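Remarks on the structure that follows.
Both backbone and side-chain heavy atoms feed into the values below; hydrogens, waters and symmetry mates do not. Note that the structure is predicted; figures quoted are calculated from it, not measured.
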Amino acid sequence: QVQLVESGGGSVQAGGSLRLSCAASGRTFSTYTMGWFRQSPGKEREFVAAIRWSGNIYYTDSVKGRFTISRDNAKNTVYLQMNSLKPEDTAVYYCAAVRRQYDRGVVTTQSEYDYWGQGTQVTVSS
């Protein structure tokens, strides 16, 4: 069992930065694949970034070069550093987790994740 608590959302001007955090409770955090998704009003939730327990990282094309996902297993926390933010990045951002025995499996679809945070609002103004 894992519970996820997100923080770090807020409002920022275009070109600014925000750092989201997702703290996980429970044991075996180091063997969980962690992902970030986002959802804007009227749109479906979309994949943003993921990091396997081994450290392999994946990003959606629209955030490559701007966002960085990382994890600190000692703190049971995953981060999403968001730089050069654009108005189209405005959304509710969700943290997700799934336990994986091996460094493999799909990481870009919602159905692969078993645990979800409550979401944190990110607003980017022009």
Side-chain angles (χ1 to χ4, degrees):
Q1 293 182 288
V2 173
Q3 290 183 305
L4 306 176
V5 180
E6 298 165 309
S7 62
S11 299
V12 65
Q13 288 185 263
S17 299
L18 285 173
R19 189 194 193 207
L20 305 183
S21 298
C22 175
S25 65
R27 304 180 69 180
T28 67
F29 174 81
S30 62
T31 63
Y32 280 75
T33 290
M34 306 295 296
W36 287 96
F37 291 76
R38 65 187 181 186
Q39 186 169 23
S40 299
K43 297 183 179 180
E44 293 189 354
R45 192 171 300 181
E46 66 172 345
F47 170 77
V48 177
I51 181 167
R52 297 189 189 276
W53 60 260
S54 65
N56 291 167
I57 291 171
Y58 307 84
Y59 298 103
T60 191
D61 287 343
S62 64
V63 308
K64 288 181 179 177
R66 300 189 298 120
F67 291 10
T68 302
I69 188 171
S70 62
R71 66 192 298 162
D72 186 337
N73 289 341
K75 296 180 179 179
N76 284 4
T77 302
V78 63
Y79 306 95
L80 185 67
Q81 177 67 45
M82 304 184 293
N83 298 327
S84 301
L85 283 163
K86 304 174 181 179
E88 49 263 47
D89 294 319
T90 296
V92 176
Y93 283 70
Y94 298 89
C95 178
V98 61
R99 185 176 185 271
R100 296 279 174 82
Q101 291 184 316
Y102 302 99
D103 184 28
R104 64 188 182 188
V106 175
V107 300
T108 59
T109 59
Q110 294 179 227
S111 62
E112 293 297 319
Y113 294 85
D114 296 323
Y115 308 100
W116 292 84
Q118 77 286 353
T120 185
Q121 177 70 48
V122 171
T123 302
V124 184
S125 60
S126 60

Identify whether [X] and [Y] are in the same connected component of the hydrophobic contact network (ILVMFWY, side-chain heavy atoms under 4.5 Å).
X: Ile57; Y: Val78; result: yes
X: Val5; Y: Tyr32; result: no
X: Val2; Y: Leu80; result: yes
X: Tyr94; Y: Ile51; result: no
X: Val92; Y: Val124; result: no

Taking the side chain as every heavy atom from C-beta outward, state whether [X] and [Y] have any pair of such atoms under 4.5 Å apart.
X: Tyr79; Y: Asp72; value: yes
X: Tyr115; Y: Arg99; value: no
X: Cys95; Y: Trp36; value: yes
X: Val63; Y: Arg38; value: yes

Looking at [atom1] of [X] and [atom2] of [Y], how far apart are the two atoms once the value is rounded to the nearest 0.5 Å?
X: Asn76; Y: Met34; atom1: CG; atom2: CE; result: 9.0 Å
X: Cys22; Y: Arg71; atom1: SG; atom2: CZ; result: 10.0 Å
X: Ser40; Y: Glu46; atom1: OG; atom2: CD; result: 7.0 Å
X: Ile69; Y: Tyr59; atom1: CD1; atom2: OH; result: 6.5 Å

Indicate the ring-plane relationship of Trp116 and Phe37, choosing parallel, tilted or perpendicular according to the 30° and 60° boundaries.
-> tilted

Stepwise, does the side-chain contact (heavy atoms from CB on, under 4.5 Å) test hold for Phe67 with Thr60?
-> CA-CA 10 Å; Phe67 291 10; Thr60 191; over 6 Å; no

Contact summary for [X] and [Y], nearest pair of heavy atoms:
X: Ser17; Y: Ser84; result: OG-N, 4.3 Å
X: Leu18; Y: Gly8; result: CD2-O, 3.9 Å
X: Ala24; Y: Leu4; result: CB-CD2, 3.6 Å
X: Pro87; Y: Ser126; result: CG-CB, 4.0 Å

Donor-acceptor contact below 3.5 Å, side chain Arg52 vs main chain Gly105 = yes

Any sub-3.5 Å donor-acceptor pair from Arg66's side-chain atoms to Ser62's backbone N or O?
-> yes

Could you go step by step and tell me if Thr90 and Gln121 meet the side-chain contact (heavy atoms from CB on, under 4.5 Å) rule?
-> CA-CA 8 Å; Thr90 296; Gln121 177 70 48; 4.0 Å; yes

Result for side-chain contact (heavy atoms from CB on, under 4.5 Å) between Leu20 and one of Met82, Glu6, Gln81 points to Met82

Checking side-chain contact (heavy atoms from CB on, under 4.5 Å) for the pair Tyr113/Thr33: CA distance, chi angles, key distance, verdict?
-> CA-CA 9 Å; Tyr113 294 85; Thr33 290; 4.1 Å; yes

Before giving the answer on salt bridge (Lys or Arg N to Asp or Glu O under 4.0 Å), spell out for Lys86 and Asp89 the whole-Å C-alpha distance, their side-chain angles and the decisive distance to 0.1 Å.
-> CA-CA 5 Å; Lys86 304 174 181 179; Asp89 294 319; over 6 Å; no

